[in-house]
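None of these values were measured; they are calculated from a predicted model. The figures that follow rest on heavy atoms only: side chains count, while hydrogens, waters and symmetry mates do not.
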Amino acid sequence: MTESAYLDHAGFGRLRPAAVSAMRSVLTEVLPYGSARLGGIFATRLAARRSMARLLDCTPEEVAFVPNTSTGVHLVADGLEWRPGDQVVLFDRDFPANVRPWTGLSRLGVEPVWVPMHAGGYRMADLAAAIGPRTRLVAVSHVNFATGFRIDLDAVCALAARVGALVSVDAVQSLGALPLSLADTPVDFLAAGGHKWLGGPPGTGVFFCRAGRLDLLRSTPTGWFGFDGAAELMKGPGPLSYRLPERSTTARVEGGMYDMVGMAGLAAALAELETVGLTAVADRVLRLAERTRTGVSDIGYTLATPPEPSSHSGIVSFSAPGVDSARLVDALVGSAVQVSVPAGLVRVSPHYWTTDEEVDLFLSRIHDLKASVTP
């Protein structure tokens, strides 16, 4: 029987062995030789871009790599041309990284409009009431970081489309655990870090910008790779040109030199996910989460999300009257069961690679610990 369990992929995913191997290879077989062996690394980024495009069901031209979710959100918040009186729809109890970039636009006269949280989730009626003729953008998380509530992105896009509003998605708590076809779900922008459900290293992430939306972002390239012909220019005998055109693809936002070690790890993690298939990943993630939900409820804890399966994700959060969630999490971690405690809730997040025995161990431990954390 297993003696430990890792159930905190919503906090920090475990780096996949394939990613560790790929990163070690770059550190030992490429970088010590300088430019002599860098060629393969550039091919690795191309492979990662194609893998990500297939996982998101979009084109490689719509995919850019960024250091984290926040960078992707800021590319939109800081890049759009705002007008005084514009409104941004935000969601109560969303993660700060998907709130502060938008509320900071108040300096430009942009007004936030809030969708309230009810019973751990959101109601489409409340979103419909928040959207109006001045709505410029809806900033939504696919899965709420604390409760695990999964919103219906198709319904969000349909409501936004009524007034011509854009939709920007923080997908860090779903990408790599749940399938999402951007060919079918017409979000305009999406950002996600690679260090949670994708199984990649920290400091890696993805930014999606739908074709036709890139020119809405005023952000200029932050490095020479953002310009077409830059690499060829450095090889030519003529004078340098400072009038190169910006890339026509989302890659224009990637900047200059990037983390080659991290990119190798992310590429390997994406390739593994693609081999398994996000449908198979989601089936197991949701099955393990449902086992966790049932076990937690049977012990007497209160689940944080609505009962409808369509709102469920890989995150299961709960609490109980008279039980100190932080003390319970401390006790679990001390007994080699890794979970977390965001917003006063015990949060459990199994992944595809989580074993059934790990879930069994968690349920056994919270049953045994309940009495000791009840005042």
Side-chain angles (χ1 to χ4, degrees), residues 4 6 8-56 58-72 171-172 175-177 191-208 222-226 230-232 234-235 247 249-278 280-281 284-285 338 351-355:
S4 64
Y6 190 87
D8 192 25
H9 292 276
F12 207 105
R14 286 191 290 191
L15 189 64
R16 297 296 302 151
V20 173
S21 177
M23 295 168 73
R24 182 179 291 118
S25 178
V26 174
L27 284 170
T28 59
E29 300 176 21
V30 178
L31 295 185
Y33 301 91
S35 61
R37 298 187 182 179
L38 286 182
I41 299 297
F42 297 116
T44 296
R45 184 160 69 165
L46 177 60
R49 196 184 311 278
R50 289 172 174 168
S51 287
M52 182 62 76
R54 287 188 289 265
L55 289 170
L56 286 173
C58 65
T59 68
E61 291 75 21
E62 294 172 305
V63 172
F65 292 111
V66 291
N68 45 55
T69 310
S70 297
T71 298
V172 74
L175 188 56
H195 66 289
K196 295 181 186 286
W197 301 92
L198 288 173
T204 63
V206 61
F207 174 64
F208 163 85
T222 54
W224 71 303
F225 285 124
E232 292 76 13
M234 297 301 293
K235 300 175 183 178
R247 291 190 186 276
T249 66
T250 304
R252 79 161 63 152
V253 307
E254 289 180 346
M257 188 54 62
Y258 57 94
D259 179 358
M260 293 183 174
V261 178
M263 180 54 61
L266 180 61
L270 295 178
E272 183 178 34
L273 277 173
E274 194 176 0
T275 298
V276 176
L278 280 181
V281 169
R284 178 161 177 79
V285 167
Q338 189 68 38
H351 208 329
Y352 174 84
W353 294 278
T354 302
T355 66

Whether R247 side chain and R252 backbone form a donor-acceptor pair below 3.5 Å: no
Applying ring-ring contact (aromatic ring centres under 6.0 Å, His included), which residue pairs with at least one partner in residues 10-38 are found, sequence neighbours left out? F12-H195
Are any of the side-chain heavy atoms of R50 and L46 separated by less than 4.5 Å? yes
Note: P32 and T28 closest approach over all heavy atoms is CG-O, 3.7 Å
Could you check whether atom CZ of R284 has more than 12 heavy atoms from other residues, nucleotides or ligands sitting under 6.0 Å from it? yes
Test D8 against every option in K196, Q338, R14 by the side chain to side chain contact (heavy atoms under 4.5 Å, CB included) rule and name the one that passes. Q338
Interatomic distance, R49 atom CZ to E62 atom CD [nearest 0.5 angstrom]: 12.0 Å
Considering all heavy atoms, the nearest V253-F207 contact: CG2-CD2, 4.1 Å
Test side-chain contact (heavy atoms from CB on, under 4.5 Å) on V26 and M23 and set out the steps. CA-CA 5 Å; V26 174; M23 295 168 73; 5.8 Å; no
Restricting to non-hydrogen atoms, name the atom on A264 and the atom on A22 that form the minimum distance, rounded to 0.1 Å. O-CB, 3.6 Å
For the CG atom of L27 and the CZ atom of R24, what is their distance to the nearest 0.5 Å? 9.0 Å
So, taking the atom named CZ in F42 and the one named OH in Y258, what distance separates them when rounded to the nearest 0.5 Å? 5.0 Å
Could you go step by step and tell me if L31 and L38 meet the side-chain contact (heavy atoms from CB on, under 4.5 Å) rule? CA-CA 7 Å; L31 295 185; L38 286 182; 4.1 Å; yes
Whether the side chain of S25 engages the backbone of S21 through a donor-acceptor N/O pair (distance < 3.5 Å, no angle test) should be reported. no
Distance, nearest 0.5 Å, that separates OG1 of T250 from CZ of F208: 7.5 Å
Measure the CG-CG distance between L270 and L55 for me, rounded to the nearest 0.5 Å. 6.0 Å
How far apart are the closest heavy atoms of G176 and V281, and which atoms are they? O-CG1, 3.5 Å
Restricting to side chain to side chain contact (heavy atoms under 4.5 Å, CB included), what partner residues turn up for A53, sequence neighbours left out? C58, P60, V63
Salt-bridged, E254 to R45, with N to O below 4.0 Å? yes
All heavy atoms of A191 vs all of G72, minimum pair found to be CB-CA, 3.8 Å
Just wondering, more than 12 heavy atoms not from R54 lying within 6.0 Å of its CZ? yes
Within this structure, what is the CG-OG distance for the pair L198 and S51, rounded to the nearest 0.5 Å? 11.0 Å
Could you walk me through whether H9 and V285 pass side-chain contact (heavy atoms from CB on, under 4.5 Å), step by step? CA-CA 11 Å; H9 292 276; V285 167; over 6 Å; no
Please lay out, stage by stage, how Y352 and E272 fare under the test side-chain contact (heavy atoms from CB on, under 4.5 Å). CA-CA 12 Å; Y352 174 84; E272 183 178 34; over 6 Å; no
For W197 and A177 the tightest heavy-atom approach is CE3-CB, 3.5 Å
